[in-house]
Amino acid sequence: MEDKDDKNYNPMQDMVLTRHGFIKGKEQSFLQNPKDKPFVGIIGIPPKEVMDELIQKSAIILSLDMYKVDQLITEPTDNILPKAYCAQIKRIIANILSVTDYWTEDVMDSVLVGRNPISEIIIEDSEICRCNEMGFVADFIENELKIKLRRVKNKDIERKGDFICKSGIPLDEKFGKIAGYFYRDMEKKKPFRPEYIKPKCAFWGTPPWGDFSIANYFPIETHVYGWTRCVENLTPGDLKLELEFDPDVPTVFFSQSFCPKAGLASYLANKHPRGIFIDMDIGLTRSTVAKLTAFLQLNNVI
Amino acid sequence: MVLLDAGTTYAKILNTDTNDRVVKRVSDLEKTFKADVGTGHNINRFAKHSVNEIIALANAGKKLIKEDSFTLLDIGSRDAKYVVFENRNFIHSDWNTECGAFTGQAIEILGNYLNVDYSKTLPQKEFITATCGLLGMGHVFDSVAAGVEPEIAAARLIKGVCISMYRFARKPKKIYLTGGLVNNQLFVKSMPCETVILDRFTLLEGVKEYALNNLSK
Ligand code: SF4
């Protein structure tokens, strides 16, 4: 195990944050002892300059979008958010609260006494890239959790490319790699550039936060568009890019239920010659699967 | 071969050897009943093989409708779905299970509750819009409480459902309609576009196609 007092200790190693969370074993150890370094939560994709600053400070960075993503935790948010609410916002709040889990059993209690070890949360709320719901999350963090909050705007416009989106790796992995790409860029690691594959269909939208297993119904020849593609480009606020789609392949326009982007998704699905709008809350339902697989089968995709 | 379309409320059974056709309540199906192939909301309990409802609908449309381009809409008691073909190619489909849900069931319950004979009621121009059957029923009761005749209030809801189904199916010039509501004359007359009725066994034609192509090999 890494010894954090070791001179060779590189805090970047704590930042292996894919959608599968931290690399096993490291998670608990650093959460239990983050006091020696700034422990910063991030929501969304902060601009490059902010990330560079965190790296300079050797901050331990926790992606509150991704962390614990495989667990559909809604319970901690039951007293805070209505049932009909975006699964991703629920997850972000549950993630913030769950960090406290390592300190005391009673999450809500510790919230009230402000024992969350996160020293600062940075929210990227560049209006268009995130929904207005972020305003509420920000208020909750500041006023209820009393965690220092910084709102930043991501106006980065330099598109870094969409190699993962247009590659032949399984869709599920594409989501993970795209999240990982952001960190690779921070770490100045060689970007991951898988080979291009000719598409059979496309997925447009945010990652399917409520249940990533929806990705398993797509073939590997699925290109990714919409906000997820903006994330790979490291330009999450690039609406022009987000609006693009490929009219030549059948496209699933996805949104989380209760997400304002649903308006965009259903509008584009109507515009697309072979588009379908699919929304999903927490957990895939039988009818969503049937609708999706019928669409893919009838379009000879699978 | 025994084929079954097991919806939320009704089961449609077709025996392809004898051509016997039966409609009964799902709750009246014997527990031991097992069809060879089927489709519908409750299918896993009652059939050895199940076919995706939209695939069944698309197969049925291709088999039963001679035109090259068409929209086929199926309104069940709990949900609605449609397929669009152009030049015999599948173009689009959708299935709504959440918003707009339970409209078929609401219309039936409402008719019984308010004692309205839909075959004797005239279609209405005014309409009540409702995102789902339950909200729709609430609006009807409110209208009745405000002095509107029960059959008029129910007919306005039906008109509202027809309009929202027509929009849901992307406003085609002509709709081929199947599902339980084809037997409701008021519903059919309230549709805002030319409407051609296919019977309630339509989905089973699609299941039969599927079975012939996939199971007999
Ligand atoms: S999925 Fe939509 S509603 Fe949810 S956080 Fe993302 S942008 Fe906001």
Side-chain angles (χ1 to χ4, degrees), chain A residues 82-87 200-202 204 210-211 214 217-218 245 247-260 262-263 265-302, chain B residues 5-8 38-45 50-62 69 71-72 74 76 78-102 131-132 167-172 203 206-207 209-210 213-214:
Chain A
K83 284 233 163 354
Y85 212 75
C86 164
K200 279 191 182 161
C201 67
W204 181 102
D211 191 342
I214 194 173
Y217 295 92
F218 289 80
F245 59 71
D248 295 329
V249 291
T251 300
V252 173
F253 290 86
F254 170 83
S255 95
Q256 267 311 130
S257 302
F258 319 113
C259 169
S266 91
Y267 161 66
L268 294 177
N270 276 311
K271 222 166 119 172
H272 191 289
R274 279 183 298 163
I276 191 169
F277 167 63
I278 286 189
D279 72 332
M280 173 184 74
D281 191 16
I282 295 175
L284 261 180
T285 60
R286 194 191 73 92
S287 56
T288 307
V289 172
K291 184 164 147 177
L292 174 65
T293 49
F295 176 77
L296 296 174
Q297 273 179 38
L298 290 167
N299 276 299
N300 302 319
V301 173
I302 50 172
Chain B
D5 171 6
T8 313
T39 191
H41 181 58
N42 276 313
I43 198 61
N44 290 336
R45 281 160 56 200
S50 73
V51 185
N52 182 315
E53 277 119 300
I54 295 181
I55 304 267
L57 189 67
N59 283 341
K62 268 198 293 190
S69 304
T71 296
L72 171 58
D74 175 21
R78 173 181 158 272
D79 54 9
K81 47 192 150 332
Y82 70 88
V83 287
V84 181
F85 278 78
E86 259 173 47
N87 299 321
R88 306 301 294 170
N89 288 322
F90 169 80
I91 291 294
H92 191 76
S93 71
D94 206 350
W95 187 358
N96 79 348
T97 46
E98 282 84 31
C99 294
F102 291 102
T131 38
C132 77
R167 288 187 186 142
F168 167 63
R170 298 185 159 193
K171 302 191 196 167
L203 228 48
V207 171
E209 283 295 292
Y210 175 90
N213 292 330
N214 295 283

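In what follows, every chain begins at residue 1, and chains take the letters A, B, ... in the order their sequences are listed.
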Checklist entry - For the side chain of B:H92 and the backbone of A:R274, is there at least one donor-acceptor N/O pair under 3.5 Å apart? => result no
Item to check | For A:P273, side-chain contact (heavy atoms from CB on, under 4.5 Å) partners two or more places apart | outcome: A:P247
Item to check | Between CG on residue A:L298 and OG on residue B:S93, distance to nearest 0.5 Å | outcome: 6.0 Å
Checklist entry - Can you name the nearest heavy-atom pair linking B:W95 to A:K291, along with the distance? => result O-NZ, 3.3 Å
Checklist entry - Side chain, backbone, both or neither: which part of A:N270 has an atom under 4.5 Å from a heavy atom of chain B? => result both
Item to check | Residues of residues 55-62 of chain B within contact distance of chain A, non-hydrogen under 4.5 Å | outcome: B:I55, B:A58
Checklist entry - Given the options A:A290, A:G275, A:S257, A:A269, which has more heavy-atom pairs under 4.5 Å with chain B than any of the others? => result A:A290
Checklist entry - Crowded around B:F168 CZ? As in, over 12 foreign heavy atoms under 6.0 Å? => result yes
Item to check | Value rounded to 0.5 Å, distance of CG in A:L292 from CD1 in B:I54 | outcome: 10.0 Å
Item to check | Between A:T293 and B:N52: side-chain donor-acceptor atoms closer than 3.5 Å | outcome: yes
